[in-house]
Amino acid sequence: MRLAHRRPALRCLTALTFGLVVLTGCGGEGDGQAATSATTAPATSATPSASAVAGEKPPATAPDGTASASAGAVSWSGTKKFVQIDGARSSDGRTYVSVRPAQKKVHPKFEAWVITPGKGPYTEVPLAENAQVLLSVPLGDETRAASYSQAEFVSRLTAKSPSARSAIGYDLSFDGQGQVTRLQSLPMP
């Protein structure tokens, strides 16, 4: 009776093993895989490797002293970041923001955030053409985030003093090219 149960189990295990060998492409060098891998170009990554970063020149700076868009945009591709925004500008139909990573913590006594500023230079990153801009108090008119145009965001941000700008935090979402697809300000009391 035990022998009858072992044969189907052995067949299943054999089929599973064979399937795994086929799926993973395990095999010897004589089956053509070595030639294929040697002729294909290495894959490129959106984020620079450590060796590439070590050999690069420092990022170029914009006229206002911030790092260029390529430095931060590439390293933040496909991520979400909490940042401070020092400035914003529009040029050639595109909107750019100068950002620096920061940290946010819930205030222990109030319904508010405590923003811990980051260190280092600001990096200028572009907003995608169809980026969603959600603003709340003090940049927006409502406590809850409401949608605004990119041009209105630039005008509202530049109207604030530098000290007021540093007290506002933003959640940014980046696409695969390092462009901001969503910008949302945190509500402040």
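All values below were derived from every heavy atom in this structure, side-chain atoms included, with hydrogens, water molecules and symmetry-related copies excluded.
Within the 4.5 Å cutoff, the side chain of Pro117 has heavy atoms near those of the Gln84 side chain. Using a 4.5 Å heavy-atom threshold, the side chains of Pro101 and Phe82 count as separate. Two residues are said to be in side-chain contact when any heavy atoms from C-beta on lie closer than 4.5 Å; Val106 and Val114 fail this criterion. Using a 4.5 Å heavy-atom cutoff, the side chains of Val99 and Asp86 are not in contact. Using a 4.5 Å heavy-atom threshold, the side chains of Val125 and Gln179 count as separate. Put simply, the side chain of Val133 reaches to within 4.5 Å of the side chain of Leu127, judged on heavy atoms. Between Tyr122 and Ile85, every side-chain heavy-atom pair lies at or beyond the 4.5 Å cut-off.
Smallest separation of non-hydrogen atoms from Phe174 and Lys81: CE1-CG, 4.0 Å. Heavy-atom minimum distance, Ala167 versus Ile115: O-CD1, 3.2 Å. Between Gln184 and Ala145, the closest heavy-atom pair is NE2-CB, 3.6 Å. Contact record, Ser185 with Ile168: CB-CG2, 4.3 Å, taken as the closest heavy-atom pair. For the pair Ser77 and Gly178, the tightest heavy-atom approach, listed with the atom from each and the gap, is OG-N, 3.4 Å. Arg165 and Leu157 make their closest contact through NE-O, 3.3 Å (heavy atoms, listed as atom of the first residue, atom of the second, distance).
Of the listed residues (Val97, Val180, Val83), just one forms a side chain to side chain contact (heavy atoms under 4.5 Å, CB included) with Tyr170, and that residue is Val83.
Judged by distance alone, with hydrogens and angles left aside, the side-chain atoms of Gln150 form no donor-acceptor pair with the main-chain N or O of Arg94 at under 3.5 Å. Distance alone, capped at 3.5 Å, places no donor-acceptor pair between the Ser173 side chain and the Thr181 backbone. Looking only at distances, a side-chain donor or acceptor of Arg100 sits under 3.5 Å from a matching main-chain atom of Gly120. Counting only distance, with no hydrogens or angles, the side chain of Arg156 and the backbone of Leu139 share a donor-acceptor pair below 3.5 Å. For the pair Asp175 (side chain) and Gln177 (backbone), a donor-acceptor distance under 3.5 Å is present.
Shown here is Glu152, whose CD atom has more than 12 heavy atoms of other residues, nucleotides or ligands within 6.0 Å.
We find the CZ-OG distance between Phe153 and Ser147 to be 12.5 Å, quoted to the nearest 0.5 Å. How far CG of Leu183 is from CG of Asp171: 9.0 Å, rounded to the nearest 0.5 Å.
Checking Gln103 against Thr116 by side-chain atom types alone, no donor-acceptor pair falls below 3.5 Å.
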Step-by-step side-chain contact (heavy atoms from CB on, under 4.5 Å) determination, Val154 to Tyr148: CA-CA 10 Å; Val154 171; Tyr148 289 84; over 6 Å; no

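Between Arg89 and Glu124, at least one side-chain N (NZ, or NE/NH1/NH2) sits under 4.0 Å from a carboxylate O, which counts as a salt bridge.
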